[in-house]
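In what follows, a single structure is set out as structure tokens and then discussed.
Here the structure is a predicted model, which is why all the values come from computation and not from measurement.
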Amino acid sequence: MAKKAPLPTKEEILRFVQDSPVPVGKREIARAFQVSGGDRRALKQMIEELRGEGRLERGEKRRVGARGRLPAVTVVEIAGLDEDGELLARPARWDSETPPPRIYMASPSSDRSALAVGERVLAKLRFLGEEGYEGKVIRRLGAGPRQVLGIYERVARGGRLKPTDKRAKSDYILRSADSMGAEPGELVLAEVKPHHPRLGEKEAKVVERLGGLDNHRALSLIAIHEHGLPTEFPDKALSEAESAGPATLDSRADLRDLPLVTIDGADARDFDDAVFAEPESQSAGPGGWHLVVAIADVAHYVRPDSALDRAAYSRGNSAYFPDRVVPMLPEALSNGWCSLRPDEERGCLAAHLWIDAEGEIRRHRFERGLMHSAARLTYEQVQAARDGEPDETARPLLEQVIAPLYGAFDSLLLAREKRGTLDLDIPERRVLMSEAGQILGIEPRQRLDSHRLIEEFMIAANVAAARELERLKQPCMYRVHDVPDKARVDALRDVLDGIGVRLAKGQVMRPKIFTQVLAQVAGGDHAALVSELVLRAQSQAVYSPENLGHFGLALPRYAHFTSPIRRYADLLVHRALIRGLKLGPDGLTGGQEEKFEEIGQHISDTERRAAAAERDAVNRLTAAFLKDRVGADFTGRVNGVTRFGLFVTLEDTGADGLIPISTLPEDYYLHDEASHSLVGRRWGREYHLGQNLVVTLTEADPLTGGIILNLRDPDGEEPRTSDKPLRAGNRRASGPTGKRGARASRKPVPRKGQKGTRRKS
């Protein structure tokens with residue numbers, strides 16, 4: 001028997017990554033050191049620790065590289081000439097707040113004009129040390145001037161473009177001839193003109209007018225453009241979608257007499273799942289249920305490597321905004337042939353699940369079917385019917401359809417409680433908008449039992465899909481949620497120790513342990529703080545062909561099967577089931593199977609991209625809603641503590657705003673990272689995560705989504721807003737007398753683990 005290779009040390013891992021000319025993934029590191037089996041988790045932990053220490057940094061597709069080092073081969077954009085006439089480039093992707101390194105491009109000939117400003121090229125880089133990099137062109141990727149989204153403003157000497165991106169460092173000159181007739185205050189998309197550093201400010205040229213900000217729909221457009229969400233489908237993909245037609249019975253199971261119903265939000269337009277439940281016969285065991293979860297047969301229409309498939313893969317998922325959807329599939333499919341509309345025949349992939357009285361899945365079966373939705377119901381309708389107030393649509397379905405669904409749901413809840421899942425109550429906000437694009441209000445999103453019912457049915461079907469693919473020995477695109485980050489759990493433990501709640505060291509972390517901690521502090525002063533820290537301790541869920549289990553749901557295997565209209569991962573699971581069960585010629589191909597790891601990384605990235613765009617849109621719309629309430633007071637809770645201030649979530653709207661440290665009562669503030677607090681060294685004021693505050697809204701900018709708040713001073717002081725820094729040795733203390741104290745000129749020394757920040761006045 002071969003001797004098991006020892007785990008590498010962190011220093012050995014670091015040297016391996018530093019010696020690699022390109023960023024590497026966990027799989028390459030594991031292969032290099034012959035790490036296998038359960039040791040892979042320990043290896044992953046060491047890599048994460050190196051990242052946390054700042055010695056490695058994450059690159060694209062979850063790979064890691066040496067800190068501050070660009071990949072040996074990367075895409076760069078030609079930026080212009082330096083003072084000596086050298087051709088400069090910058091990384092095409094640079095997310096850091098620090099300036100990008102200089103890249104001196106070696107031209108293939110003496111003709112420097114061969115590479116145009118704004119052109120993107122694949123380049124081989126040689127590290128030059130502090131000077132930057134030397135780049136050699138491998139392949140030209142085509143000219144494409146960088147685009148910028150912004151607001152057109154008219155000034156005395158012409159026009160200016162104010163970028164919507166809050167990270168933008170400066171405005172652009174926009175001459176009248178380049179404005180396309182845009183009006184002041186209008187949102188425009190512009191191309192950045194070629195620029196030489198010696199010529200001063202950069203110029204831009206409008207390529208598309210998007211309308212004024214008085215229509216709040218423009219704010220979603222800003223988020224969509226900034227995050228690069230594709231909004232147009234290729235003509236060939238649209239043609240394929242338009243030429244689609246109804247699925248026919250053929251070899252499908254006939255489910256048309258089964259009273260399947262869809263249950264979705266009132267504003268939903270695509271219905272990709274339908275459900276049914278009936279009690280099992282007593283001979284099968286008392287209290288058991290037969291569940292059917294029927295999912296739109298998207299694989300029938302979106303064939304591997306078709307134009308539709310390539311467009312869906314590029315998007316990865318649909319993105320949902322208060323006023324629009326950026327769909328993964330064209331409307332002819334997403335709202336047409338793949339939508340399980342009532343009273344229309346639709347192809348489906350159905351999961352039959354048989355569960356016992358405690359909600360455990362005893363057996364399952366998958367089939368391709370033809371269904372006929374009995375009704376399109378909303379969560380509110382179903383809940384009202386359950387509560388004894390059915391409307392005309394729900395009343396005929398109450399006894400034979402809705403009541404059995406809740407019966408099965410009760411059993412599934414027992415299984416959930418037995419597993420001990422992590423239940424974090426994270427409120428979501430919902431922006432209400434009129435057809436004209438105006439914001440009507442912001443309210444918490446309802447969380448009804450009917451929502452939970454559908455969630456539990458979908459979870460059960462997803463588990464069955466993962467089990468079936470393993471039985472069939474087919475590749476599975478798992479939805480994985482790894483165990484919590486050890487360093488963050490340690491930080492949580494330190495905070496819990498300070499408030500008298502014990503989280504034992506050395507125990508295997510399970511979701512129910514966190515749930516028990518949350519139960520101990522529920523309703524108390526520390527509930528919000530602990531809930532926030534438990535959330536931050538969790539890993540991020542991703543897609544992967546490697547099964548790590550799902551920690552939050554306490555499941556050993558889990559895959560997404562139930563939403564192929566809006567998630568590419570689900571489409572892959574459908575294709576794998578179709579191939580494994582021999583349900584048709586449109587199953588998974590060998591080419592896709594070979595790229596499962598790459599696909600998993602890509603769709604995890606697109607999911608994060610869509611989530612960031614959705615969040616930014618809501619932030620901008622919330623700022624627009626609050627703009628007329630500047631000067632009003634609000635109650636809020638501290639959700640973040642940094643050296644430069646406090647982030648506060650407002651109770652009424654869920655809006656997140658910043659209290660700059662310069663506006664806090666005057667003192668020398670110590671940032672204690674372990675306790676997530678700012679502590680005034682001189683006067684002892686303390687601000688910590690989870691703390692409730694009364695704040696005043698001082699600024700709300702719809703363009704960036706930024707919200708600035710001031711603290712309502714508990715001692716009756718008016719908040720100070722001057723940004724003029726105080727000189728060391730001449731700080732004014734905001735004590736009871738408001739006078740300079742005898743020791744005010746002595747600089748405090750932060751305690752171990754703390755960083756000092758002087759509040760500016």
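- Remark: side-chain polar atoms of Asp616 are not paired, donor with acceptor, to backbone N or O of Ala223 under 3.5 angstrom.
- When all heavy atoms of Val121 and Met105 are compared, the pair lying nearest together is CG2-CE, 4.2 Å.
- The distance from atom CG of Asn619 to atom OG1 of Thr704, rounded to the nearest 0.5 Å, is 9.5 Å.
- Contact check on Glu77 versus Arg90 returns no salt bridge, with no Lys/Arg side-chain nitrogen under 4.0 Å from an Asp/Glu carboxylate oxygen.
- The backbone N or O of Lys236 lies less than 3.5 Å from no partner atom in the side chain of Ser239, so there is not a single donor-acceptor pair.
- Between Lys202 and Ser170 there is no side-chain heavy-atom pair separated by less than 4.5 Å.
- Around the CD atom of Glu651, the shell of radius 6.0 Å holds no more than 12 heavy atoms that belong to other residues, nucleotides or ligands.
- Evaluated for a side-chain hydrogen bond (donor to acceptor under 3.5 Å, both in side chains) with Tyr543, the options Gln601, His602, His560 yield exactly one hit, His560.
- The environment of CD in Glu208 is crowded: more than 12 heavy-atom neighbours from other residues, nucleotides or ligands sit within 6.0 Å.
- Side chain of Arg315 to main chain of Pro327: a donor-acceptor pair is present (N/O by atom type, distance under 3.5 Å, no hydrogens or angles).
- Remark: Ala312 pairs with Met328, Leu329, Tyr568 by the side-chain contact (heavy atoms from CB on, under 4.5 Å) rule, at least two apart or across chains.
- No donor-acceptor contact under 3.5 angstrom links the side chains of Asp570 and Ser563, judged on distance only.
- No side-chain heavy atom of Asp656 sits less than 4.5 Å from a side-chain heavy atom of Thr622.
- The two residues Leu187 and Ala218 make their nearest non-hydrogen contact at CD2-O, 3.7 Å.
- In this structure, Arg160 fails the cation-pi test against Tyr172, since its NZ or CZ atom is not both closer than 6.0 Å to the six-membered ring centre and inside 45 degrees of the ring normal.
- Scanning all heavy atoms of the two residues, the minimum distance from Gly135 to Leu125 falls at CA-CD2, 3.8 Å.
- The residues Glu134 and Arg126 are annotated as salt-bridged, a charged nitrogen and a carboxylate oxygen being separated by less than 4.0 angstrom.
- Partners of Ala632 by side-chain contact (heavy atoms from CB on, under 4.5 Å), not counting sequence neighbours, listed by chain and number: Arg629, Phe634.
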Applying side chain to side chain contact (heavy atoms under 4.5 Å, CB included), run through Thr698 and Thr663 and close with a yes or a no. CA-CA 11 Å; Thr698 62; Thr663 66; over 6 Å; no

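- Considering every non-hydrogen atom in both Ala319 and Phe321, the closest pair reads CB-CE1, 3.7 Å.
- Between Phe647 and Val638, the closest side-chain pair of non-hydrogen atoms is not below 4.5 Å.
- Taking CD1 of Ile708 as the start and CG of Asp701 as the end, the distance is 9.5 Å to the nearest 0.5 Å.
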Test side-chain hydrogen bond (donor to acceptor under 3.5 Å, both in side chains) on Asn317 and Thr606; report intermediate values, then the result. CA-CA 7 Å; Asn317 46 260; Thr606 59; 3.1 Å; yes

List the steps, then state whether side chain to side chain contact (heavy atoms under 4.5 Å, CB included) holds for His225 with Thr164. CA-CA 10 Å; His225 277 279; Thr164 58; over 6 Å; no

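- Contacts of Tyr301 classified as side chain to side chain donor-acceptor pair (under 3.5 Å), with partners at least two apart in sequence or in another chain: none.
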Would you check, one step at a time, whether the test side chain to side chain contact (heavy atoms under 4.5 Å, CB included) holds for Leu646 with Leu664? CA-CA 9 Å; Leu646 306 169; Leu664 292 178; 4.2 Å; yes

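- Using modelled atom types, no side-chain atom of Arg217 and backbone atom of Arg324 make a donor-acceptor pair closer than 3.5 Å.
- Minimum interatomic distance between Gly316 and Ile603 (heavy atoms only, all atoms of both residues): CA-CG2, 4.3 Å.
- The nearest pair of heavy atoms linking Pro322 to Val618 is CG-CG2, 4.3 Å.
- Side-chain contact between His216 and Asp323 is absent, with no heavy atoms from C-beta onward closer than 4.5 Å.
- For the pair Ser314 (side chain) and Arg310 (backbone), a donor-acceptor distance under 3.5 Å is absent.
- Ion pairing between Arg209 and Glu183 fails under the 4.0 Å rule for side-chain N and carboxylate O.
- Checked by atom type and distance alone, the side chain of Ser339 never pairs as donor or acceptor with a backbone atom of Gly336 at under 3.5 Å.
- Arg175 CZ: 12 or fewer foreign heavy atoms inside a 6.0 Å radius.
- Arg608 is listed as a side-chain neighbour of Val542, based on a closest heavy-atom distance under 4.5 Å.
- Side-chain N or O atoms of Glu614 include one that pairs as donor or acceptor with a backbone N or O of Tyr320 at under 3.5 Å.
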Derivation of the side chain to side chain contact (heavy atoms under 4.5 Å, CB included) call for Arg609 and Leu229: CA-CA 8 Å; Arg609 177 182 69 179; Leu229 269 62; 3.7 Å; yes

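- No side-chain heavy atom of Arg269 sits under 4.5 Å from any side-chain heavy atom of Val325.
- The backbone N or O of Ser539 sits less than 3.5 Å from a side-chain atom of His481, completing a donor-acceptor pair.
- No donor-acceptor pair under 3.5 Å is formed between the side chain of Ser334 and the backbone N or O of Ile565.
- Here CD of Glu532 is found 5.5 Å from CZ of Arg637. Values are rounded to the nearest 0.5 Å.
- Contact of the Leu308 side chain with the Pro330 side chain is registered, since non-hydrogen atoms from C-beta on lie closer than 4.5 Å.
- At a threshold of 4.5 Å between non-hydrogen side-chain atoms, the residues Leu711 and Leu709 do not count as touching.
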